[in-house]
Amino acid sequence: MEPILMKIYEYYVGDNREMLLRAYDFAANAHKNQKRASGEPYFIHPCAVAEILVDLGLDAETIAAALLHDVIEDTPATEEDIRREFGEEVFSLVAGVTKLDKIVFKSQEEEEAENFRKIFVAMAKDIRVIIIKLADRLHNMRSLNYLSKERQLRMSRETLDIYAPIAGRLGISQIKCELEDLCLKYIDPAAFEFLVENIHQKLEERNRFVDFVVEEINAILSESKIQGEVFGRPKHFYSIYKKMKTKNKTLEQIYDLTAVRVIVDTVDECYEVLGKIHKKWKPVPGRIKDYIATPKPNLYQSLHTTVVTNFGQPFEIQIRTEEMHRTAEYGIAAHWKYKEHRDAESSLDQRIAWIREVMELQGGLKDSKEFMDTVKGELYSPELLVFTPQSKVISLPAGATPVDFAYAIHSEVGNHCTGAKVNGKIVPLSSTLEIGDVVEIITSPNSKGPSRDWLKFIKSSSARAKIKSFYKKEMKEENIRLGRSMLEEAAKRRGIALSELLTQESFKKVSDKLAFDTQDEMFSAIGYGAITTNQVLFKLLDYFRKEVPQTVPLAPFQSRAAKGSVTVKGMSGLLVSFAGCCSPVPGDEIVGFVTRGRGIVIHRTDCPNMKGAEPERLQPAEWVQEGNARFKAAIVVTADEQGAALAAISGSVAEMKLEITSINGRYDKNNSAIVDVTVSLTNRQDVEVLIKKIKSHPKIIDVRRTAN
């Protein structure tokens, strides 16, 4: 317990030192009769947590809160005692850390999910709360060997899933790397022991090689008259373990067990040294990364290159300035440790902007599980760096699309997005972006909002949450109406009216399970797709059967939809229209799809857009003979030349006395003529006859109906 006292005297002066000594004495007295699982005095733990934070350079209030962080929960001391003795700021930090450990959960999945939510609420209020928690978890992991095997595994998995990624996102690599190595020790002890033993065996040989590389780079710096520092850094065990697992390599196949770092004064010198290193040793293609021009989301900056020596040994070199090195090691903690090197609050603001964005999203996310999925998407997704036309770097998950980009710029840009240009060319919104793409979003003030189809291809969890949030807030009335209608029809299909099922008592049972405050909130959730009709209906039926004595006969229900010549079973009173994607005509097998806000849309059953449709939104539908009702069918014709295709189409259509409603021609990559034509007709037989007639022309390669 003495090291923390020595550091308090070394690093803090005046009122700050006096407050920390009082906090030390207060916590020592509060914990004086308590022991840890190891049998040591409990007070060792808060002292160790405070020491970790002193080494990171945190302010006096944070160190005081670290010394006191378990006092409220584990000793007779009260919140009022802390507030009175140490002031509102220290109390707020202590209370924030205490709240992270005070909740009872129904399941392990819920526990993990709710932990995410609590952590991010705390981070948004004061980032120092999570930094204290990271130090607390680090010391607990260092002394995990005194706990049971079950608790070791549970804490290690939680640390690897939650705390290590957050430390990485905050840029505190010291804590992140040590946490990951400690987790590996308990999650896969055999692999950990193997790495420790085998890496240590070759340590002397590797050190000789690193000394050689350091000497050579020092010579380059000397010749170039550049002041700098060069040293080797062994890679931490978990990063080696991960590389062996993901790339299926043996330890002998991993050459960069040690990276060499070069620290220089200026950015220009970074690039100069990189060029001279590449002149001396051959760089490995694809292994040069410029994080100076395009920093990581946690503001990490450095040049990375892997080169091969003249005798065939590859190794990694990282080149950065002194300030970049501080940021890489201390991350967000550098805000306090090196105050003279920051521009007001801008660095801190940049670092925690993503936390604020996550917290803005949480209001539109119904449950902790959805919130956790969103956060994990932000923490774990592989990185894709693209640019705005103004050269601002935007970080997206791998496989992201222009829609993900639009929402990364701003929610309103995403909501009003109507198109996109990538590298100056207009592309579909579903296009996959590549590293280095320059993306420009086309918006329109007349846009009615995002398309639900975007949810099928976007990759960013934050974009997904923002689209769902739009439909929750902007279309609430429509969602309530649609959700109520869907639930009514689902009940009718089971032969009972919703008014009989949904009473104050039965709704209370549903709300206890699904956490809805009002029936409208439940209807809205069904309408925008947060829950299915079956999730609600089964609970209502279960209550009804248990609580209502009489049995209700199940009766089939069928209603006629008022549109042309189609009957939709199980639905009534909604607008019916025909899908343009597959253009169904009488004779096709069809199905009704209940949309959100556009009534029922009739699709062909083989329509690709129906493959991933939610089953509860699909309704049986069938044709009814109604004389001369006309429908549109889309056909695509492939021919040797466009003239032949047009002649074959127009001749066949005229012969059958049909009507062309649209026609469009183009050439494919094989230089074949492609003509898309839409024809007005009355039944499927007309379509089949027309296709045969067009196919009979000699220069026609293929004719088919389009299904998408």
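The shown structure was predicted, so the numbers you read here are calculated from the model rather than taken from an experiment. Start at 1 with the first residue, then count along the sequence. Atoms considered below: every heavy atom in the structure, side chains included; atoms not considered: hydrogens, waters and symmetry mates.
- Looking at K242 and E180, no side-chain N of the basic residue comes within less than 4.0 Å of a carboxylate O on the acidic one, giving no salt bridge.
- By the side chain to side chain contact (heavy atoms under 4.5 Å, CB included) test, E269 pairs with I226, V264, D265, T266, sequence neighbours left out.
- Using a 4.5 Å heavy-atom cutoff, the side chains of V636 and V675 are not in contact.
- Side-chain contact between I602 and V591: absent, with no pair of heavy atoms (C-beta onward) separated by less than 4.5 Å.
- Remark: K276 pairs with E272 by the salt bridge (Lys or Arg N to Asp or Glu O under 4.0 Å) rule, at least two apart or across chains.
- Between Q642 and R666, every side-chain heavy-atom pair lies at or beyond the 4.5 Å cut-off.
- Going from atom CD1 of I288 over to atom CG of L274 covers 6.5 Å, rounded to the nearest 0.5 Å.
- Using modelled atom types, one side-chain atom of R464 and one backbone atom of L455 make a donor-acceptor pair closer than 3.5 Å.
- A donor-acceptor distance shorter than 3.5 angstrom exists from the side chain of D181 to the backbone of Y238, with no hydrogens or angles considered.
- You'll find the side chain of M324 stays beyond 4.5 Å of the side chain of Y291, heavy atoms only.
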Evaluate the criterion side-chain contact (heavy atoms from CB on, under 4.5 Å) for residue pair Y241 and L195; output intermediate values, then yes/no.
CA-CA 8 Å; Y241 170 83; L195 288 173; 3.9 Å; yes
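- The CD1 atom of I674 sits 10.0 Å away from the OH atom of Y667 when rounded to the nearest 0.5 Å.
- The nearest pair of heavy atoms linking A408 to L396 is CB-CD2, 3.7 Å.
- In this structure, I426 places its CD1 atom where only 12 or fewer heavy-atom neighbours from other residues, nucleotides or ligands lie under 6.0 Å away.
- Distance check, rounded to the nearest 0.5 Å: CD1 of I319 to NE2 of H304 gives 9.5 Å.
- Within the 4.5 Å cutoff, the side chain of V422 has no heavy atoms near those of the F405 side chain.
- Considering every non-hydrogen atom in both Q318 and A259, the closest pair reads NE2-CB, 4.1 Å.
- D404 contributes no side-chain N or O that, together with a main-chain N or O of I458, makes up a donor-acceptor pair within less than 3.5 Å.
- Considering every non-hydrogen atom in both I277 and I217, the closest pair reads CD1-CD1, 4.3 Å.
- Judged purely by atom type and a 3.5 angstrom limit, T305 has no side-chain atom pairing as donor or acceptor with the backbone of I317.
- Partner of L138 under the side chain to side chain contact (heavy atoms under 4.5 Å, CB included) criterion, chosen from E178, K133, K176: E178.
- Using modelled atom types, one side-chain atom of H416 and one backbone atom of E412 make a donor-acceptor pair closer than 3.5 Å.
- At least one side-chain heavy atom of Y407 sits less than 4.5 Å from a side-chain heavy atom of P450.
- At a threshold of 4.5 Å between non-hydrogen side-chain atoms, the residues V427 and P402 count as touching.
- With rounding to the nearest 0.5 angstrom, the CG atom of D268 is 11.5 Å from the OG1 atom of T321.
- Panel note: side chain S524, backbone I480; no donor-acceptor pair is recorded below 3.5 Å.
- Considering only heavy atoms from C-beta on, N423 stays 4.5 Å or farther from V439 through its side chain.
- Here CD of E316 is found 9.0 Å from CZ of R261. Values are rounded to the nearest 0.5 Å.
- The minimum heavy-atom distance linking T159 with P165 is given by the pair O-CD, 4.0 Å.
- Put simply, NZ on K456 and OG1 on T401 are 14.0 Å apart, with the number rounded to the nearest 0.5 Å.
- Taking the side chain to side chain donor-acceptor pair (under 3.5 Å) definition, one finds that D290 meets it with Y271, sequence neighbours left out.
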